[in-house]
Amino acid sequence: VMRILFINPNSTASMTETIADCARAVAAPDVEVEAWTSHGGPPAIQGREDGEAAVAPLLEELARGESQDFDAFVIACFDDTGLAEARAQTHRPVLGIGQSAFHAAMMRGGRFSVVTTLAVSIPVIEDNLAASGLDRACARVRASGVPVLALETDPEQSERAVSDEIRRAKDEDGIGAVVLGCAGMADLATRMGQLHRTPVIDGVAAACGLARTLVTMR
């Protein structure tokens, strides 16, 4: 059995449960998924300052995961918080759900747009796209105006706002896929894909499959 650890860099445990459920729903039969909450992190990661505050507690969780001999690690924040630092700390595969989603979207639809939470997250995501050489495949990074924690506290209104932004992306951006730009949106992917009749990519599911592939390639 292959063991993959998802680390939620924010301290909201209910979001970790959503991440775990979505990963387990797509995991291959030979994959065991665990998900941990970084209790020393901020309640939500919205912008650079939150991301910077989350790195040190995240790396502590990674070190604990290494001691328990997981085969691969996934950083379950769309900003790929601490990804470079985490990869420098372990020889095992480390994936971010943002980068995983970008690659999956390119393979499903070619050109894509990202629908994230608040506008403060847009520069971080745009920088990550550029750093990984994927910015030319992304038409636009869009903010739905939904705060991260509202995905938990007001799911109906949040889902409507995300859906409206997906519709605008599909109508305006000339794309073949939409990427959901927050781990807390993971459980929306199937419904949004069916509603808008377009591939809607969730980074948690993408990272789960890619992590398994990277472990088998070693």
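The chain is numbered in sequence order, starting from 1.
Side-chain contact between V179 and F78 is present, with at least one heavy-atom pair separated by less than 4.5 Å. Residues C138 and L134 fail the side-chain proximity criterion, which asks for heavy atoms closer than 4.5 Å. Side-chain contact check for I97 versus C77: every heavy-atom pair is 4.5 Å or farther apart. Taking the side chain as every heavy atom from C-beta outward, F73 and I4 never approach each other to under 4.5 Å. The shortest distance between side-chain heavy atoms of M192 and M185 does not fall below 4.5 Å. Between L195 and S163, the closest side-chain pair of non-hydrogen atoms falls below 4.5 Å. Residues D127 and R48 meet the side-chain proximity criterion, which asks for heavy atoms closer than 4.5 Å. Here the side chains of P9 and I75 are in contact, with some heavy-atom distance below 4.5 Å.
Between A54 and P57, the shortest heavy-atom contact is O-CD, 3.3 Å. Of all non-hydrogen atoms in A177 and G109, the two that sit nearest each other are CB-CA, 4.1 Å. The shortest non-hydrogen separation linking Q99 to S132 is NE2-CB, 3.7 Å. When all heavy atoms of A23 and V33 are compared, the closest pair comes out as CB-CG1, 3.9 Å. For G96 against L83, the heavy-atom pair with the smallest separation is N-CD1, 3.7 Å. A pairwise comparison of heavy atoms in S158 and D154 identifies OG-O, 2.8 Å as the closest pair.
A salt bridge links R212 with D30: the distance from a Lys NZ or Arg NE/NH1/NH2 to an Asp or Glu carboxylate oxygen falls below 4.0 Å. Salt-bridge formation is detected for the pair D164/R167: a Lys NZ or Arg NE/NH1/NH2 atom is positioned less than 4.0 Å from an Asp or Glu carboxylate oxygen.
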Can you give me every donor-acceptor pair (side chain of residues 114-123, partner residue at least two apart or in another chain, under 3.5 Å) with its distance?
unit_1: T116; atom_1: OG1; unit_2: G181; atom_2: O; d: 2.8

Show me the donor-acceptor pairs, under 3.5 Å and distance only, between side chains in residues 198-210 and residues at least two apart or in other chains.
unit_1: D202; atom_1: OD1; unit_2: V204; atom_2: N; d: 2.9
unit_1: D202; atom_1: OD2; unit_2: A205; atom_2: N; d: 3.0

Show which side-chain atoms of residues 145-153 pair as donor or acceptor with protein atoms under 3.5 Å away, not counting sequence neighbours.
unit_1: E152; atom_1: OE1; unit_2: S14; atom_2: OG; d: 2.7
unit_1: T153; atom_1: OG1; unit_2: L149; atom_2: O; d: 3.3

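In this structure, S38 contributes its side chain and S11 its backbone to no donor-acceptor pair below 3.5 Å. Using modelled atom types, no side-chain atom of D173 and backbone atom of A139 make a donor-acceptor pair closer than 3.5 Å. D80 places a side-chain N or O within 3.5 Å of a backbone atom of G98 that can act as its donor or acceptor partner. Here the side chain of R87 pairs a donor or acceptor atom with the backbone of V94 at under 3.5 angstrom.
Evaluation of the ring pair (Phe, Tyr, Trp, His ring centres under 6.0 Å) test over residues 22-46, restricted to residues two or more places apart or in two chains, returns W36-F70. Counting only residues at least two apart or on different chains, no ring pair (Phe, Tyr, Trp, His ring centres under 6.0 Å) pair has a member in residues 192-218.
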List the steps, then state whether side chain to side chain contact (heavy atoms under 4.5 Å, CB included) holds for R168 with R142. CA-CA 9 Å; R168 284 189 281 270; R142 293 171 164 269; 3.7 Å; yes
Test side chain to side chain contact (heavy atoms under 4.5 Å, CB included) on L5 and V74; report intermediate values, then the result. CA-CA 6 Å; L5 175 62; V74 176; over 6 Å; no
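Between the side chains of R191 and Q194, no donor N or O sits under 3.5 Å from an acceptor N or O.
At a threshold of 4.5 Å between side-chain heavy atoms, the hydrophobic network of Ile, Leu, Val, Met, Phe, Trp and Tyr places L62 and L58 in one connected group.
Rounding to the nearest 0.5 Å places SG of C22 at 9.5 Å from CZ of F6. With rounding to the nearest 0.5 Å, the separation of OG1 in T81 from CG in N128 is 8.5 Å. Distance check, rounded to the nearest 0.5 Å: CG of L59 to CD of E66 gives 11.0 Å. To the nearest 0.5 angstrom, K170 atom NZ is 9.0 Å from I175 atom CD1. Summarising the geometry, atom CG belonging to D69 is positioned 7.0 Å from atom CG belonging to D71; distances are rounded to the nearest 0.5 Å. With values rounded to the nearest 0.5 angstrom, T37 atom OG1 is found 10.5 Å from I7 atom CD1.
Ring geometry, F102 versus F112: the interplanar angle falls under 30°, so the pair is classed parallel (tilted spans 30 to 60°).
Environment of CZ in R111: crowded, with over 12 heavy atoms of neighbouring residues, nucleotides or ligands closer than 6.0 Å. Around CD of E172, the count of heavy atoms belonging to other residues, nucleotides or ligands within 6.0 Å exceeds 12. Applying the 6.0 Å contact sphere to CD of E156 captures no more than 12 heavy atoms from other residues, nucleotides or ligands.
Every residue was checked against the salt bridge (Lys or Arg N to Asp or Glu O under 4.0 Å) condition with E60, not counting sequence neighbours, and none meets it.
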